[in-house]
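Heads up: the structure comes next, in structure tokens.
Letters A, B, ... are given to chains in the order of the sequence lines, protein chains preceding strands, and every chain is numbered from 1. FYI, side chains are in, hydrogens and waters are out, and symmetry mates aren't considered; it's all heavy atoms of this structure.
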Amino acid sequence: MRILAGQSATLRVERSWTVETPMPMETDKASIPVVKEETIAQPDSAAVEIKEEPSAAKPAAEEKPTTKRKRQEDKSPAKKPAPKKTNNKRRIGSSSSDSSSSSSSDSSDSSSSDSSSSSSSDSSDSDSDDDKPIAKRKKAEPKKTPTKKTPTKKTPAKKKSEPTPKKEAAKKTPKKEPVKAAKESTPKKRSVKKEDGETGTETPVKKKRGKQEEEEEQYKWWLESDKEDDSVKWTSLEHNGVLFPPAYEPHGVQLMYDGKPVKLPAEAEEMATYFSQYLETDHMKKPQFKKNFFKAFKDILSEKDKNNKITKFDLCDFSLIQKHLKDKKEERKNRTKEEKDKEKLEKEMITKKYGWAIVDGHKQKVGNYLVEPPGLFLGRGDHPKAGIPKRRLMPEDVTLNLSEGAKVPECPISGHEWGGIVHNNNVGWLATWKDSIKPEAIKYVWLGANSRVKGKSDIKKFSTAQNLKKHIKEIRETYTKEMKDEDDKIKQRATALWIIDHLALRAGNEKDDESADTVGCCSLRVEHIKCTEPTTIEGEADGGRYYNVVKVDKQVFKNLKQFQKGKEPSDELFDQLSTNYVNAHLKGMMEGLTAKVFRTYNASITLEKELANMKMTDDMSVEEKMIMYNRANREKSVAKGHDAQMGKLDTVIKDLEEQKKKLQAHLKAVKKGKIPEQPDEETEDGKKKKKMPDDPAKIEKQISLIDERIAKTEHKKTEKDDLKTVSLTTSKINYIDPRISVAWAKANDVPIDRIFNKTLRAKFPWAMDVDADWRF
DNA sequence: ACGGCAACTTAGGATCTGCATC
DNA sequence: GATGCAGATCCTAAGTTGCCGT
């Protein structure tokens with residue numbers, strides 16, 4: 001099992017966060033051991049043992065059938081597809097007008113471009129500035145339950161996991177919200193936008209293209225006063241649906257089975273092809289992956305050919321297909337400029353069509369508009385379902401969400417129909433479907449990270465974290481006190497909170513055994529915590545175990561011991577807790593507070609503190625200032641300790657050392673006059689292993705070469721350790737309030753683009769306006 | 001008060017890109 | 001030009017949380 005990722009990061013982090021914590025946990029690794037025992041506690045959080053998974057086969061088997069079944073059902077389109085009702089004509093086509101793809105690349109939206117040509121689009125941009133009003137303006141007509149009804153999610157339909165497609169709505173009653181929405185926006189007009197465009201009338205006036213192109217780029221939604229109800233995500237939504245990957249084109253390359261070429265049926269060939277692309281990856285090290293794949297492969301083979309003879313994985317040789325894939329890749333790399341340009345153009349056309357949605361009159365980027373292509377499931381860790389083929393999605397699998405009046409996008413695959421159309425403005429997704437491998441998993445197409453909907457929720461996240469600042473003292477005092485409560489449940493809760501606060505462990509929901517085995521706070525098991533003497537070493541990562549020692553205060557130490565007492569290693573440490581329970585309690589202490597808020601809060605407050613600690617002087621160059629900034633950030637990212645890249649270096653070193661040992665042994669033998677037999681071996685990736693030379697001098701030379709490489713790798717490792725900016729991006733994206741960095745940059749005259757890359761800037765446009773003295 | 005599902009966020013591997021180097 | 005990298009970006013698995021029904 002793996003401990004939740006976040007956690008590991010946490011550990012180190014803690015150090016920095018110390019400041020704020022009531023009980024300072026100073027400690028650096030070094031110090032740890034020294035501390036007096038009682039105080040110290042060292043929960044090792046994470047020991048991770050990789051556990052082997054249950055038999056892979058079984059899940060696979062079941063899965064498949066399901067899929068199939070599902071497919072059939074889907075067929076029924078259910079739902080009335082198009083509520084189109086009124087007018088609406090499509091803007092769709094038009095929008096595509098030209099526009100620049102280029103723009104797209106740039107941050108926000110380049111929407112402007114299009115304006116020129118198509119009416120529709122332009123309108124959008126122009127709107128941006130002024131339009132806000134526009135959007136709201138009319139809307140009237142659909143009055144009826146327009147959006148309202150939307151709320152119905154398809155939910156009702158589904159009852160349990162029935163594959164039943166969506167039936168849309170069961171109409172759940174619209175909750176009141178919708179109502180509200182409706183009334184508020186009295187004037188609303190629905191998708192005015194398009195109309196405008198089409199008509200070309202009024203709106204255009206103001207839009208006047210000219211500059212607009214440039215200005216429009218930004219729709220400053222964060223400046224809008226928003227009294228609107230949070231639960232209503234839009235009043236009008238139009239988009240062009242989703243894109244499906246092209247159908248599989250058989251290449252005819254054969255599989256070698258037991259030394260003989262076999263022509264595979266297209267379906268099997270497709271599956272074999274997906275598998276072949278992973279031949280040289282770590283996925284091959286997971287037996288489960290191969291097992292699951294092969295089971296599915298055999299099934300499809302026997303379905304297509306009653307006399308299928310391919311039954312043993314070990315007799316399959318995919319190298320021809322692999323070779324073919326490599327050739328194709330090579331070919332792609334060598335495309336001529338014209339070919340590349342042509343492709344680029346095609347891509348732009350596609351983006352133009354699918355990459356945008358019109359939300360309340362504003363053109364906003366869509367996230368992943370391409371539905372997940374078929375392929376093998378790549379679970380992380382030792383996932384029991386790794387390697388199972390994900391089936392190809394068809395329009396029938398997909399439900400779209402758009403305005404009631406909006407035009408329903410044409411189904412991109414002829415002869416097929418959308419699985420359903422809903423009008424739910426209480427949710428932010430544009431399209432959804434069920435995962436074929438994990439039926440309980442639902443996939444979505446969302447608006448882009450820089451869209452209003454996503455941005456608003458980001459702001460909300462950070463303001464909740466800011467709010468925690470006001471309550472943290474009391475919360476900490478409370479749980480510190482409660483750690484001594486006689487009621488075990490409260491005691492557990494308090495202890496868990498301590499862990500969540502200090503270690504940034506995730507909440508830790510329950511999971512079934514069909515999932516990867518990871519744990520978070522509430523699902524920690526007795527075996528994960530080891531309360532040892534102070535001498536334990538910290539941060540030892542080897543093999544599959546992640547080991548970490550953290551100093552905790554006396555009470556926590558005592559409590560953990562108590563909770564472990566009398567339990568089996570596999571028992572839950574906090575047997576009385578559930579994430580629901582813990583979150584409910586948190587909510588009682590502060591509105592909107594949940595376990596994950598602590599991570600955001602701690603990460604943000606720490607950065608702000610670290611930045612404040614950096615002594616900045618006016619004569620520093622930007623470069624020097626950046627060093628300071630990175631150092632402040634590092635305090636946190638360092639927490640990560642061994643990350644993937646470091647792990648890789650470790651592996652390299654280990655491999656080299658092993659090789660060295662072998663050579664040394666070989667050398668010894670040779671010197672003694674016996675030359676050992678060296679069987680033909682194959683390395684994992686199927687390449688022939690080179691035999692070791694029998695000449696002592698050569699062997700020695702090889703050894704010294706290896707020594708050199710080891711030294712080099714070690715050096716690299718140190719360097720990396722030092723810089724460790726790793727995952728900085730992640731924290732910037734997810735946890736740290738961007739305004740902290742922006743304010744710092746302004747205060748120190750550092751250009752924003754030195755701190756935030758393009759993606760970040762696009763994601764946080766709302767943070768760019770803060771003043772230099774803004775404080776979290 | 002709980003469990004399950006839907007919706008949404010976050011993490012981290014896979015891929016792509018641009019750039020430095022050989 | 002081919003290579004190798006690292007950072008940016010894409011993609012989607014795997015979390016969390018709210019809500020709703022029982």
Check your understanding: Between A:His239 and A:Tyr369, is the ring centre distance below 6.0 Å?
Key -> no
When you measure from the side chain of [X], which nucleotide among [options] comes out closest?
| X | options | answer |
| --- | --- | --- |
| A:Lys587 | C:dA13, C:dT12, C:dG18 | C:dG18 |
| A:Arg599 | B:dA14, C:dT16, B:dT10 | B:dT10 |
| A:Arg380 | C:dT12, C:dT16, B:dC8 | C:dT12 |
| A:Asn509 | B:dA14, C:dT16, B:dC8 | C:dT16 |
| A:Ser457 | C:dT12, B:dT9, B:dT17 | B:dT9 |
| A:Lys438 | C:dA14, B:dT9, C:dT12 | C:dA14 |
| A:Trp446 | B:dC8, C:dC11, B:dT10 | B:dC8 |

Exercise for review: Consider only side-chain N and O atoms of A:Glu339 and A:Thr336, and report whether a donor and an acceptor are under 3.5 Å apart.
Suggested key: yes
[X] side chain near [N] phosphate (N/O to OP1/OP2, under 4.0 Å):
| X | N | value |
| --- | --- | --- |
| A:Lys511 | C:dA14 | no |
| A:Lys461 | B:dT10 | yes |
| A:His283 | B:dA14 | yes |
| A:Thr594 | C:dT17 | yes |
| A:Asn583 | C:dT17 | yes |
| A:Lys390 | C:dA13 | yes |

Taking atom [atom2] of [N] as reference, at what distance in whole Å does atom [atom1] of [X] sit?
| X | N | atom1 | atom2 | result |
| --- | --- | --- | --- | --- |
| A:Glu510 | B:dA1 | CD | P | 18 Å |
| A:Lys456 | B:dT9 | NZ | P | 14 Å |
| A:Lys434 | C:dA13 | NZ | P | 16 Å |
| A:Lys326 | B:dT15 | NZ | P | 14 Å |
| A:Lys365 | C:dC10 | NZ | C1' | 13 Å |
| A:Lys443 | B:dC5 | NZ | P | 17 Å |
| A:Glu343 | B:dC16 | CD | P | 11 Å |

Check your understanding: Does A:Thr281 or A:Lys454 map to a spot on DNA chain B nearer the 5' end, using the closest nucleotide for each?
Key ->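 Taking each residue's closest nucleotide, the earlier one in sequence belongs to A:Lys454.
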Check your understanding: Starting at the 5' end of DNA chain B, which residue's closest nucleotide do you reach first, A:Lys489 or A:Thr600?
Key ->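 So the residue in question is A:Lys489.
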Donor-acceptor contacts under 3.5 Å from residues 440-448 of chain A side chains, at least two apart:
from     : atom 1 : to       : atom 2 : distance (Å)
A:Lys443 : NZ     : A:Glu372 : OE1    : 3.0
A:Lys443 : NZ     : A:Glu372 : OE2    : 2.8
A:Lys443 : NZ     : A:Asp435 : OD1    : 3.1

Review point. Who pairs with A:Phe764 by ring-ring contact (aromatic ring centres under 6.0 Å, His included), at least two apart in sequence or on another chain?
Key: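 Partners of A:Phe764 by the ring-ring contact (aromatic ring centres under 6.0 Å, His included) criterion, ordered by chain and then number, come out as A:Trp766.
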Review point. How about A:Tyr581 and A:Cys522: do any of their side-chain heavy atoms sit closer than 4.5 Å?
Key: no
